[in-house]
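As structure tokens, the structure follows; a few thoughts come after it.
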Amino acid sequence: MCLGIPGRIIEIYDNGITRMGKVDFNGIVKEVCLAYLPDLQVGDYTIVHVGFAITRLDEESARETLALFQSLGVLEEELNPDESHETA
Amino acid sequence: MCLGIPGRIIEIYDNGITRMGKVDFNGIVKEVCLAYLPDLQVGDYTIVHVGFAITRLDEESARETLALFQSLGVLEEELNPDESHETA
Amino acid sequence: MKYLDEFRDPALARRLFEQIRRITTRHWAIMEVCGGQTHSIIRNGIDQLLPPEIELIHGPGCPVCVTPLEIIDKALAIAALPEVIFCSFGDMLRVPGSRKDLFRVKSEGGDVRVVYSPLDAVKLAQQHPDRQVVFFAIGFETTAPANAMAVYQAARLGLKNFSMLVSHVLVPPAISAIMESPNNRVQGFLAAGHVCSVMGIEEYRSLVETYRVPIVVTGFEPLDVLEGIRRAILQLEQGRAELDNAYERAVRPEGNVAAKQMLADVFTVTDRTWRGIGRIPRSGWRLSDRYAEFDAEFRFNVHDIQTSESPLCRSGEVLQGLLKPNQCPAFGKECTPRTPLGATMVSSEGACAAYYQYGRFVPTSTIGVAS
Amino acid sequence: MKYLDEFRDPALARRLFEQIRRITTRHWAIMEVCGGQTHSIIRNGIDQLLPPEIELIHGPGCPVCVTPLEIIDKALAIAALPEVIFCSFGDMLRVPGSRKDLFRVKSEGGDVRVVYSPLDAVKLAQQHPDRQVVFFAIGFETTAPANAMAVYQAARLGLKNFSMLVSHVLVPPAISAIMESPNNRVQGFLAAGHVCSVMGIEEYRSLVETYRVPIVVTGFEPLDVLEGIRRAILQLEQGRAELDNAYERAVRPEGNVAAKQMLADVFTVTDRTWRGIGRIPRSGWRLSDRYAEFDAEFRFNVHDIQTSESPLCRSGEVLQGLLKPNQCPAFGKECTPRTPLGATMVSSEGACAAYYQYGRFVPTSTIGVAS
Amino acid sequence: MTVDFSNWVCPTPLRDYPAIVMGHGAGGKLSTELITHLFLPAFGGPHGPLADAALIDVGGARLAISTDSFVVRPLFFPGGNIGELAINGTINDIAMMGAQPIALTASFILEEGMPLAQLGLIAESMGRAAHNAGVILIAGDTKVVDRGHGDGVYITTTGFGLVPAGITIGPEHARPGDAIIVSGPIGLHGIAILSVREGIEFGAPVTSDTAALHGLVSTMLASGSRIHTLRDPTRGGVAAALNEIAATAQIGIEIIERDIPIPPAVQAACELLGMDPLHIANEGKLIVFVERDDAERLLAAMRTHPLGRDAALIGYATIDHPGVVVARTGIGGMRVVDTLVGEQLPRIC
Amino acid sequence: MTVDFSNWVCPTPLRDYPAIVMGHGAGGKLSTELITHLFLPAFGGPHGPLADAALIDVGGARLAISTDSFVVRPLFFPGGNIGELAINGTINDIAMMGAQPIALTASFILEEGMPLAQLGLIAESMGRAAHNAGVILIAGDTKVVDRGHGDGVYITTTGFGLVPAGITIGPEHARPGDAIIVSGPIGLHGIAILSVREGIEFGAPVTSDTAALHGLVSTMLASGSRIHTLRDPTRGGVAAALNEIAATAQIGIEIIERDIPIPPAVQAACELLGMDPLHIANEGKLIVFVERDDAERLLAAMRTHPLGRDAALIGYATIDHPGVVVARTGIGGMRVVDTLVGEQLPRIC
Ligand code: SF4
Ligand code: SF4
Ligand SMILES: [Mg+2]
Ligand SMILES: [Mg+2]
Ligand SMILES: [Mg+2]
Ligand SMILES: [Mg+2]
Ligand SMILES: [Mg+2]
Ligand SMILES: [Mg+2]
Ligand SMILES: [Mg+2]
Ligand SMILES: [Mg+2]
Ligand SMILES: [Mg+2]
Ligand SMILES: [Mg+2]
């Protein structure tokens, strides 16, 4: 459930009822409701579901997670080179 | 104006609002309003215009008119044979 | 078909032509009032077989042709309303208003339907209680009883969604208008048989007397038309001006009494503008006050109707018999049945259209079909 | 795409698979709660690359699958009403009710429209003041804020022609229900990352404590899913049962505060029947009394709803992780995505459909395309 | 592109209609003008492309090709349905080039909600019609449009046939002096359709004459008569077919009204609706222009075939009034027989 | 006739739908089942008729014939309109048989109210497309349907081409071991259309790839590569085309997802709408199955042609899992690539 896609906010405006914006998904742009993320700014990343920005995408966390993945095998391989080959 | 076609009444009925009938035009049959000809009977001829019987077709008169046409030239030809050929 | 084929018999037609030739000694201008007779004349090639002395003038007897531009523009405006089902006899769909016709309104989304009988429109109103059904009630006295019955039934059924746009016209005032015209050349009339089968013939007696003009009540088949012509010529040649009934099988002197009663209830005489002719006093019917609620002109507030007739068109003169269709400079050029400029080119019974369709002297280039 | 492609990196995926293999010493049954994760697992072939000891159980996290038959039958009845424009997310159109689906209602003349966002339905209601616009509001906590906003805006705009057929479901009560089931085999959960990005993670803490079961908040890309599995296995192998957030880039502990406020205003917790599972107390949302006038179930008196589920279908067991889709006797035979018997075959995210679409062990005959 | 109005015979064509109206599809003058003034210039010049049918040389053979879309309402009518019409209509267009039809393609545009049982009946009668005619359905396509954007089913068929060596038949080959024969009573298809729409009942049923005519054409060719032109008088009826031939060959045509076989029910329906039988569509009739001296031989041959049993000589081509069709009326007058402008409408007043 | 449900691969086909639904026209399984179980039996047997295209022998030549109806909405879309689609689509179906297209027929179903100016634009681009492709429009037809029974314009084109001697190309000729090449980036046409319907904007415009491919095919044939199968992946996308070939030739197919050229905007739109790029329609791309050893030579030849510049090898045919298409996923797993059941729908949840 809950297909959510990350995109970058490129425009913010009020459509007379609520806070709206345009979000860029790698070259395609869709209008999105920003009402639930009043603090988001142009340039921020968000995750969009059925036309709504539901959460801020924290770029710092993303980098940390990827760094963790990068480190995972490497660290243990360094610590335990033999075992790592056995379980492969 | 006023395309009117002769046909024969083959059925008479009341549709709940008014007097209606079926009229046969040489093999094709159409529903017709008979409200304006309360005396017409099955078997009578009528002239139909936009779905309404507007008048009784008097068969006797029709025969007389045709008889008149038949007699027209003949009578005068008999009376005046030469002149008839001159004007032809 | 019985009572049609007999009146199309070629041998009898030959006799009637012969008789007419025999009795005709000089030029006579006779008007067939009714477009149905014009249609029959051209459709059968009667005019070409008559002696050259006889000039047939085609009268204003096509209700499609004479429906005033203003009412057509109103019809187009009403038909374009989204809540309306606009019902019309087939021929009216091609009649141009100032800017468009019903076909175009339909193509733009208007719900325009062809009905065979006005009662079909009443049925539609019963079937579509959420829509407004409007019937375009045109016609001479022949059609009026049918249209009157539609209103009468709608009233009896309590239909709030049925109305009529009424443009009825009457023959006798038109004959008066023609005879009163300073340019008038008509010397005798073939009166419209089916009009008389409804109205009877008495109202024509005063016309005969006032204008000292022969009037022969005439049918529509070739022999009927020829007989009407023969009797008119006979009167003219003999210096008589009488009312004669040459369509006795269909026309009683008193007309259709039941129909006339209904007409008196539903309609009231009114002044009417005839397209191409102008305003003729007391020459039409409108709904009587009792049925005013069924009047589409009141029900729909159709504003801003700007009517504008083509300046080229001389259909007024054609309708008055002052001009043959092919004498109009636009005939077959700017004006064809596909691009009609005038009412008389619109209906297949209009004098100009009839000339175009069935006339022998149509220039080939205007009939061309692409290879 | 940024923040998608990085989390699909094959080299990193290999490392994660290796790690998982390294730490797995015995059989573990882990449920990914969310259909989006099931989709990702099958779409990427993750299950086939995991060590055989790890059993992934596909959870009931597809709102399309679990929407109760009775509500779908109501949707079909409402969508068939002539005055209604029925708006739905695309996937719901193929969900069978007792006798038909929305595609069939559409083919029978129902005005059924696919919308991308619930706000599109509000727009339609503004554009068609003469029609009743009904939005089929399904979804878990992720979709609820969007649907809530639609009602809120309709109320602010004073729309009298907008309503929602609400069938919202909630994840935590479903996890409880699974854990309470006497047949339960699930030993750890991957919680739905996007649900948590709205609701936060605190409500899962009591589940972890009550059932002593590891719950890892997990994203949707291959690396996210693998990391979720890795952390769940790590806890299981180490005998821990903790709440862990493996989707930190999208999930704050407190969730989306503004969205939660709106949800509290617009919705009220209610008991809900889950298709194939049964009634779970306090497992759904309905409109709060304040917005009751927008409830399509009240606005449209949809009587005579006779629901009847296929007796062959075992989607309930599938949804509870008791049965693999391809262990159902009807799978790929009576039941295919074209002729779905159960909710889980209907949505492309349903466990059965996902197995059918992306599974390796589908019998060839069921995929045949006529030559 | 803007629509080119500059070369009109009439000075202001399409002027009144900035958008398509029903008449553009009625096979009358509006249809012709749409093709001549919109499609032909767009498709590359006034000559050749987008006629109803065409001949191309392929590998030494002459291939006759024709295409038509069928949008008839109602889908089922007395005597047939849209399916067999779609087969027979295209077979006939091929046959009218003197070709032997070989194969057809059929492309369907289905409206959402079309009952499969009805579609099955239509497909089955297509299969039967093709089988009976000895042609094969070789390729097809199926599209579905939203409810309210179709009308149950529209069918487009395209047909292929081979023209035997030595045959040159076409409207351009009609010559002054040619005898004009119609293969049987006219107006049946159109009146069968109209009767459903206008609520007319028939004492004896009037049914569509839909039929494949290539067998009759074979019989005619085998008679050795010098046939110049064949035409099936479909949309627009005999009047449109004759006008098209008159215009293409630049000949005059004179027909004798009382020699035209018009069934009584067709005549009666036309009287009632104010229509001309010459404007009513036929789907299983042909008109042939033949060297005058061969007329009797051809008539005799046609009458041996079930579809030509009631063939009748109805007139002649002349050098007078080129491009114009006239009729000698029942009482001996003359009238112009013109093509309809647009749709055929019931005439009431 | 009653619809025959007895021979279904799945036991209860069409059971749920007594009438046409949109999915019957989507080119997926419902479409296939409608053809297999309704049309084919009606048209005379399970083999042969009513495929998308066909070959017949005429006068010693092999004639390739194909027909398609075009019902695309909107009529005008980024990169083209329904007119050039109708020309290119049928040219391509001819080209996919290895034939050189010669001529097309075009039949129009116009909705009352269709603006003539728009129709003119469409006709003009048809003329241009035909001219550019070197094919002629030889015959046509025009029908008009009541407003509310059409959608502006539907166009059915039928095309004819000649298959050069020695060429045998078709889905049945694909063999295990064949290399599979796609001529360029996929999904552009379908996403260009979707973007209009779903209100998606593009930073850099995504336009339909509509193009006539017979020139590219000529280049490919001239390279001397042993080409077994050509297919343009239109409705149903690459997935439907590959599944059809797998089923026809009874081969397995394995493609490598990361080798498939998918433009970033297509990928992004698919992510957003929850669609699979392999299901998105293309109108100017082809898939070719070629003898493995000739793959590099063919790729090199294709890349010399503007329409093959970005050609890519995307997988191989295998003897495993006959009839089934699988994809190696980005992370090295395997998934089945199935044909859609009916319509492609935005997936939200
Ligand atoms: S030919 Fe046309 S323009 Fe001339 S009078 Fe007749 S209708 Fe008017
Ligand atoms: S395969 Fe079909 S019948 Fe079996 S559990 Fe899944 S949805 Fe139900
Ligand atoms: Mg044709
Ligand atoms: Mg044809
Ligand atoms: Mg023809
Ligand atoms: Mg096709
Ligand atoms: Mg319809
Ligand atoms: Mg094709
Ligand atoms: Mg195709
Ligand atoms: Mg193709
Ligand atoms: Mg045609
Ligand atoms: Mg439309």
Side-chain angles (χ1 to χ4, degrees), chain B residues 1-8 15-20 24-28 30-40 45-77 80 83-88, chain C residues 1-4 6-7 9 12-16 18-19 21-22 34-36 39 61-64 89 115-120 139-143 145-147 149 153 156-157 192-195 197-198 219-220 223-224 226-227 230 246-252 255-259 262 349:
Chain B
M1 66 196 161
C2 316
L3 187 73
I5 305 297
R8 200 170 141 273
N15 72 353
I17 310 174
T18 195
R19 178 175 148 98
M20 301 293 287
D24 173 40
F25 306 88
N26 207 28
I28 77 166
K30 187 101 178 120
E31 185 179 58
V32 157
C33 179
L34 297 178
Y36 293 127
L37 290 166
D39 301 333
L40 278 204
Y45 275 82
T46 178
I47 289 178
V48 173
H49 172 72
V50 298
F52 282 72
I54 55 169
T55 187
R56 186 172 56 77
L57 188 147
D58 185 64
E59 299 186 73
E60 181 62 27
S61 295
R63 277 189 293 273
E64 279 170 23
T65 303
L66 287 169
L68 169 72
F69 296 161
Q70 289 284 0
S71 71
L72 260 183
V74 181
L75 273 173
E76 299 197 20
E77 259 170 61
N80 227 341
E83 206 191 313
S84 81
H85 284 114
E86 268 169 31
T87 53
Chain C
M1 286 174 77
K2 193 150 187 207
Y3 301 118
L4 276 187
E6 300 92 319
F7 292 89
D9 182 76
L12 293 180
R14 264 193 306 277
R15 292 210 180 156
L16 280 160
E18 233 161 80
Q19 281 299 314
R21 267 182 230 121
R22 183 174 304 184
C34 174
H39 184 79
C62 167
V64 169
F89 295 134
V115 293
Y116 171 76
S117 161
L119 295 186
D120 298 341
F140 279 88
E141 295 92 328
T142 318
T143 315
N147 297 349
M149 179 63 79
Q153 290 197 2
R156 267 196 58 188
L157 293 165
H194 291 150
V195 165
S197 68
V198 169
F220 298 83
L223 299 196
D224 290 319
L226 288 173
E227 177 66 359
R230 191 185 69 86
Y247 195 35
E248 281 195 293
R249 69 183 183 282
V251 176
R252 314 289 100 76
N256 184 321
V257 176
M262 178 68 86
E349 296 213 351

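So that the names make sense, note that chain A is the first sequence line, chain B the second, and so on, each numbered from 1. As the structure is a computational prediction, the values presented were derived from the model and not from experiment.
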Applied to residues 45-55 of chain B, the salt bridge (Lys or Arg N to Asp or Glu O under 4.0 Å) test, sequence neighbours excluded, yields none
For the residue pair B/Pro6 and C/Met1, what are the closest heavy atoms and their distance?
O-CE, 4.1 Å
At a heavy-atom separation under 4.5 Å, does C/Leu12 approach chain B through its side chain, its backbone, both, or neither?
side chain
From B/Thr46 atom OG1 to C/Tyr3 atom OH, the distance as rounded to the nearest 0.5 Å:
12.5 Å
Answer yes or no: is there a side-chain heavy-atom contact under 4.5 Å between B/Leu37 and C/Asn256?
yes
Is there a donor-acceptor pair closer than 3.5 Å between any side-chain N or O of B/Tyr36 and the backbone N or O of C/Pro145?
yes
What part of C/Arg252 gets within 4.5 angstrom of chain B, counting heavy atoms only: side chain, backbone, both, or neither?
side chain
Heavy atoms, side chains only, cut-off 4.5 Å: are C/Arg15 and B/Gln70 in contact?
yes
Over all heavy atoms of both residues, which pair between B/Cys33 and C/Leu119 is shortest? Give the atoms and the distance, please.
CB-CD1, 4.1 Å
Are the side chains of B/His49 and C/Val198 in contact, using a 4.5 Å heavy-atom criterion?
no
C/Tyr247: what forms a ring-ring contact (aromatic ring centres under 6.0 Å, His included) with it, not counting sequence neighbours?
C/His194
B/Leu72 vs C/Glu227 side-chain heavy atoms within contact, under 4.5 Å
yes
Quick one: closest heavy-atom pair of C/Ala258 and B/Pro38, and the distance?
CB-CD, 4.5 Å
Chain C contact via B/Val48 - side chain, backbone, both or neither, heavy atoms under 4.5 Å
side chain
B/Ile47 versus chain C, heavy atoms under 4.5 Å apart: side chain, backbone, both or neither?
side chain
Give the minimum heavy-atom separation between C/Pro118 and B/Val50, together with the two atoms involved.
CD-O, 3.8 Å
Give a yes or no on whether the backbone of B/Ile17 and the side-chain of C/Arg156 come within a donor-acceptor separation of less than 3.5 Å.
yes
Separation between CZ of B/Phe69 and CZ of C/Arg230, rounded to the nearest 0.5 Å:
8.0 Å
In terms of heavy-atom proximity below 4.5 Å to chain C, should B/Phe25 be classed as side chain, backbone, both, or neither?
both
Shortest non-hydrogen pair, B/Thr65 vs C/Phe7, comes out as CG2-CE2, 4.0 Å
Name the region of C/Leu157, side chain, backbone, both or neither, that has any atom closer than 4.5 Å to a heavy atom of chain B.
side chain
Pick one of side chain, backbone, both or neither for B/Glu60, based on which atoms fall under 4.5 Å of a heavy atom in chain C.
neither
Value for CZ (C/Arg249) from CG (B/Leu66), rounded to nearest 0.5 Å, stands at 7.5 Å
Taking the side chain as every heavy atom from C-beta outward, state whether C/Lys2 and B/Tyr45 have any atom pair closer than 4.5 Å.
yes
Name the option with the most non-hydrogen atom pairs under 4.5 Å to chain B; the candidates are C/Ala146, C/Ala13, C/Ser197.
C/Ala146
Of the backbone (N, CA, C, O) and the side chain (C-beta and beyond), which part of B/Arg8 lies under 4.5 Å from a heavy atom of chain C, both, or neither?
neither
